[in-house]
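Model, not experiment: these values are computed from the prediction. Heavy-atom basis, side chains included; hydrogens, waters and symmetry copies ignored.
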Amino acid sequence: MNKTYYICKYTPIELLKAFGADCANLNEMPQGFELADQIAHPNLCGFGKTLLEAVMSGQIKELVLVNCCDTIRSVYDILLDSKKLDFLYLIDMLHSDGSCSRERVTLQLKTLANAYGAYRGTRFDEQSFRKAFEPQTKEKGPHLSVLGARMGTELFEMVQKTMPFPVENDTCVHNRSVGVQNPPENVSFDELMEWYAKELLGQIPCMRMMDPTGRKQLYNDPNLKGIIYHTVKFCDFYSFEYADLKQHTDLPMLKIESDYTVQSSGQLLTRLEAFSESIAPRQYERKDKKMGKGYFAGIDSGSTSTDVVILDKNKEIVAGIILPTGAGAAIGAERALSEALKSAGLEREDIDALVTTGYGRTAIHQGDQSITEITCHARGAHYLDPEVRTVVDIGGQDSKVIRLDETGAVVNFVMNDKCAAGTGRFLEMMARTMEMSLDEMSLAGLDYKEDITISSMCTVFAESEVVSLIAQNKASDDIVHGLNKAVASKTAALAKRVGGEGKYMMTGGVSKNKGLVKTLEEKLGTSLVISDKAQLCGALGAALFAADIA
């Protein structure tokens with residue numbers, strides 16, 4: 001027989017098992033939504049599309065849903081019309097655990113029992129029902145918790161591999177606590193279902209329940225060392241809780257959002273690794289135990305440029321190289337390192353330790369360690385100016401704002417979403433549209449006359465807006481200032497989210513854009529420290545870590 005899939009912790013799994021079901025949580029992340037997009041609205045949340053994709057591809061034949069939200073109701077209607085399933089059922093679970101709700105759920109359980117029993121041709125087996133209740137988990141040791149909306153299996157496994165502590169999945173479909181008390185003995189089926197309805201509704205509540213205060217026990221555990229808060233794109237339920245949670249806990253927190261595809265999980269790896277590095281700094285060792293001549297190198301492999309810094313034993317910079325990354329991160333890194341060694345008059349064997357960072361860091365196999373650009377930019381900024389407390393880095397692929405403590409350690413950080421808007425790539429595309437070089441564009445917005453606002457931050461739509469402004473004969477200086485305002489506004493919003501405070505430092509190649517720097521300073525209400533080593537900051541931080549492990 002087919003597996004019976006479910007999606008919600010309020011699903012009466014034990015009842016289904018009493019009729020012989022082999023129950024499974026539908027939680028795998030698809031590669032994309034090719035089939036789902038053909039039959040559903042594009043703004044349906046990623047998990048709703050995951051359900052449609054699984055059914056339309058023929059992966060599942062039996063599905064029991066709970067009316068968690070409007071998305072699930074919509075998915076149910078679509079699947080009902082598709083006639084792709086052998087068994088489809090929607091449980092109307094009420095949003096409170098009062099007596100009226102328990103009475104209603106009891107009726108729902110009986111109705112489901114009749115429908116599922118008729119479908120399978122089996123009768124209710126009370127012994128199987130009682131055996132189905134899983135023992136409650138024992139007390140946890142030091143751990144991290146994933147809270148919020150359900151997290152796909154592939155992404156959760158990535159979290160487990162990345163974090164320095166054991167990770168508990170306490171998202172909405174998990175932390176199930178049905179059957180804390182054993183089912184009553186010698187009672188009728190109706191009485192058993194009344195008890196069962198109370199157990200289902202009495203669990204640690206999810207955010208769909210009218211009174212979610214019981215969720216506090218999830219983050220008041222004294223052994224909890226940090227929280228990874230997950231939301232699904234286009235889902236609001238858990239965004240509300242995250243905003244409130246920030247006011248009630250001092251635990252380290254990382255908020256991530258996925259669209260529930262495998263591709264989105266890969267984009268989140270840097271954030272997860274940076275969070276791991278911030279809550280439990282790792283001890284690094286060199287691959288080669290042989291001592292060189294007291295030189296240490298850092299390679300920052302970015303999407304646009306690959307930067308290399310070499311330090312001597314006094315942690316003084318002896319070489320700094322910036323080269324285009326080119327088609328391959330590993331090849332670009334090798335080329336940049338060779339140029340840096342040549343500049344310093346050194347050989348590869350003179351380097352005691354080498355650390356890689358940046359988006360291409362995992363593709364570079366010659367390093368002793370790999371550390372995220374979040375941690376490396378923080379370390380490099382602290383070296384350049386120990387009074388800096390907030391670092392702004394607008395990179396080619398993403399933008400990030402990092403808050404530091406007095407030692408240069410990462411206190412908090414935020415990154416832009418999976419979108420080119422507000423990044424260096426955005427500025428490159430806009431410069432191309434305006435037929436300017438980046439150097440020309442960096443000066444063009446300084447002497448604007450008309451305060452133009454670019455209303456769309458989507459790169460594609462912003463480009464259309466710029467083309468329209470050009471057609472209206474708007475001055476180039478005015479258009480560039482509008483683009484600078486758009487990027488500065490997005491970056492200032494990130495700074496506010498991270499709790500940015502002075503001194504501010506801007507790192508990366510975009511720090512050379514004088515017009516953007518001026519506009520961002522106006523948005524932040526403070527000046528930005530711009531070092532002559534700004535673009536080398538990530539590689540510098542990596543080199544400093546290399547000096548630590550040598």
Side-chain angles (χ1 to χ4, degrees), residues 304 377 381 385 388-403 413-417 419-470 472 474-532 534-535 537:
T304 303
H377 270 269
D385 188 339
V388 166
R389 293 294 176 267
T390 306
V391 178
V392 176
D393 175 42
I394 300 178
Q397 182 173 254
D398 54 42
S399 298
K400 57 190 79 74
V401 179
I402 312 160
R403 189 155 58 87
F413 70 92
V414 291
M415 298 173 67
N416 69 318
D417 297 324
C419 176
T423 67
R425 188 71 68 197
F426 173 84
L427 294 171
E428 284 183 14
M429 293 180 67
M430 295 305 108
R432 191 180 307 125
T433 301
M434 299 190 67
E435 299 182 349
M436 290 181 172
S437 68
L438 284 172
D439 287 340
E440 291 170 335
M441 189 175 179
S442 72
L443 300 173
L446 290 171
D447 298 318
Y448 70 95
K449 299 294 189 296
E450 182 181 353
D451 189 8
I452 289 176
T453 296
I454 305 294
S455 60
S456 176
M457 267 309 295
C458 169
T459 303
V460 175
F461 293 143
E463 184 177 21
S464 298
E465 214 169 326
V466 168
V467 170
S468 176
L469 290 167
I470 293 172
Q472 296 172 39
K474 297 293 185 180
S476 295
D477 286 356
D478 298 341
I479 297 174
V480 171
H481 175 66
L483 291 168
N484 288 341
K485 269 204 318 178
V487 175
S489 295
K490 194 172 184 70
T491 306
L494 292 178
K496 185 173 182 179
R497 280 172 52 192
V498 83
E501 56 187 26
K503 281 185 175 180
Y504 282 80
M505 173 181 281
M506 188 169 179
T507 62
V510 179
S511 63
K512 296 178 180 178
N513 188 319
K514 295 181 179 180
L516 177 56
V517 169
K518 179 182 177 183
T519 307
L520 181 55
E521 286 177 333
E522 292 170 354
K523 290 289 183 183
L524 293 173
T526 187
S527 60
L528 290 165
V529 176
I530 309 292
S531 168
D532 59 350
Q535 193 166 350
C537 192

Self-check item: Nearest-0.5 Å distance, CG of residue Leu438 to CZ of residue Arg432
Solution: 9.0 Å
Quiz item: What's the spacing between Ile402 CD1 and Met415 CE if we round to 0.5 Å?
Solution: 9.0 Å
Practice problem: Check whether any side-chain heavy atom of Val401 lies under 4.5 Å from a side-chain heavy atom of Phe413, and answer yes or no. | Solution: no
Quiz item: From Glu440 CD over to Glu435 CD, what is the distance, rounded to the nearest 0.5 angstrom?
Solution: 10.5 Å
Quiz item: Any side-chain heavy atom of Val480 within less than 4.5 Å of one from Asn484?
Solution: yes
Quiz item: If we only count heavy atoms from C-beta on, is the Val487 to Phe426 side-chain gap below 4.5 Å?
Solution: yes
Practice problem: With rounding to the nearest 0.5 Å, note down the distance linking OG in Ser476 to CE in Met436. | Solution: 4.0 Å
Quiz item: Looking at residues at least two apart in the chain, or sitting in another chain, which of them share a side chain to side chain contact (heavy atoms under 4.5 Å, CB included) with Gln472?
Solution: Ser468, Leu469, Lys474
Practice problem: Report the residues that fulfil side chain to side chain contact (heavy atoms under 4.5 Å, CB included) with Ser527, sequence neighbours left out, ordered by chain and then residue number. | Solution: Glu521
Self-check item: Side-chain donor/acceptor of Asn416 to backbone N/O of Ser399, under 3.5 Å
Solution: yes
Practice problem: Report the C-alpha separation of Val388 and Tyr504 in whole Å, then their side-chain angles, then the decisive distance to 0.1 Å, and conclude whether the side chain to side chain contact (heavy atoms under 4.5 Å, CB included) test is met. | Solution: CA-CA 6 Å; Val388 166; Tyr504 282 80; over 6 Å; no
Quiz prompt | Close side-chain approach of Leu520 and Val392, heavy atoms under 4.5 Å | solution = yes
Quiz item: So do Glu463 and Met430 actually touch side chain to side chain, heavy atoms under 4.5 Å?
Solution: yes
Practice problem: Kindly write out the residues that satisfy side chain to side chain donor-acceptor pair (under 3.5 Å) with Ser442, not counting sequence neighbours, or none if the list is empty. | Solution: none
Quiz item: Can you tell me how far the CD1 atom of Ile479 sits from the CD1 atom of Ile452, to the nearest 0.5 Å?
Solution: 5.5 Å
Mind listing the side-chain donor-acceptor pairs of residues 506-516 below 3.5 Å, one per line with the distance, residues two or more places apart or on another chain?
unit_1 : atom_1 : unit_2 : atom_2 : d
Thr507 : OG1    : His377 : ND1    : 3.1
Ser511 : OG     : Gly508 : O      : 2.6
Lys512 : NZ     : Gln535 : OE1    : 3.2
Asn513 : OD1    : Gly515 : N      : 3.3
Asn513 : OD1    : Leu516 : N      : 2.9

Quiz prompt | Approximate separation, where rounding is to 0.5 Å, of Leu446 CG and Asp477 CG | solution = 8.5 Å
Quiz item: With a 4.0 Å cut-off, would you call Asp385 and Lys503 a salt bridge?
Solution: yes
Self-check item: Partner set under ring-ring contact (aromatic ring centres under 6.0 Å, His included) for Tyr448, not counting sequence neighbours
Solution: His481
Quiz item: What are the two closest non-hydrogen atoms of Ala431 and Met441, and how far apart are they?
Solution: CB-SD, 3.5 Å
Quiz item: Quick one: does Thr519's side chain have a donor or acceptor within less than 3.5 Å of a partner on Ala488's backbone?
Solution: no
Quiz item: Do you know the tightest heavy-atom contact between Asp478 and Glu450?
Solution: OD1-N, 3.1 Å
Quiz item: In chain order, what residues pass the side chain to side chain contact (heavy atoms under 4.5 Å, CB included) check against Thr453, with sequence neighbours excluded?
Solution: Lys485
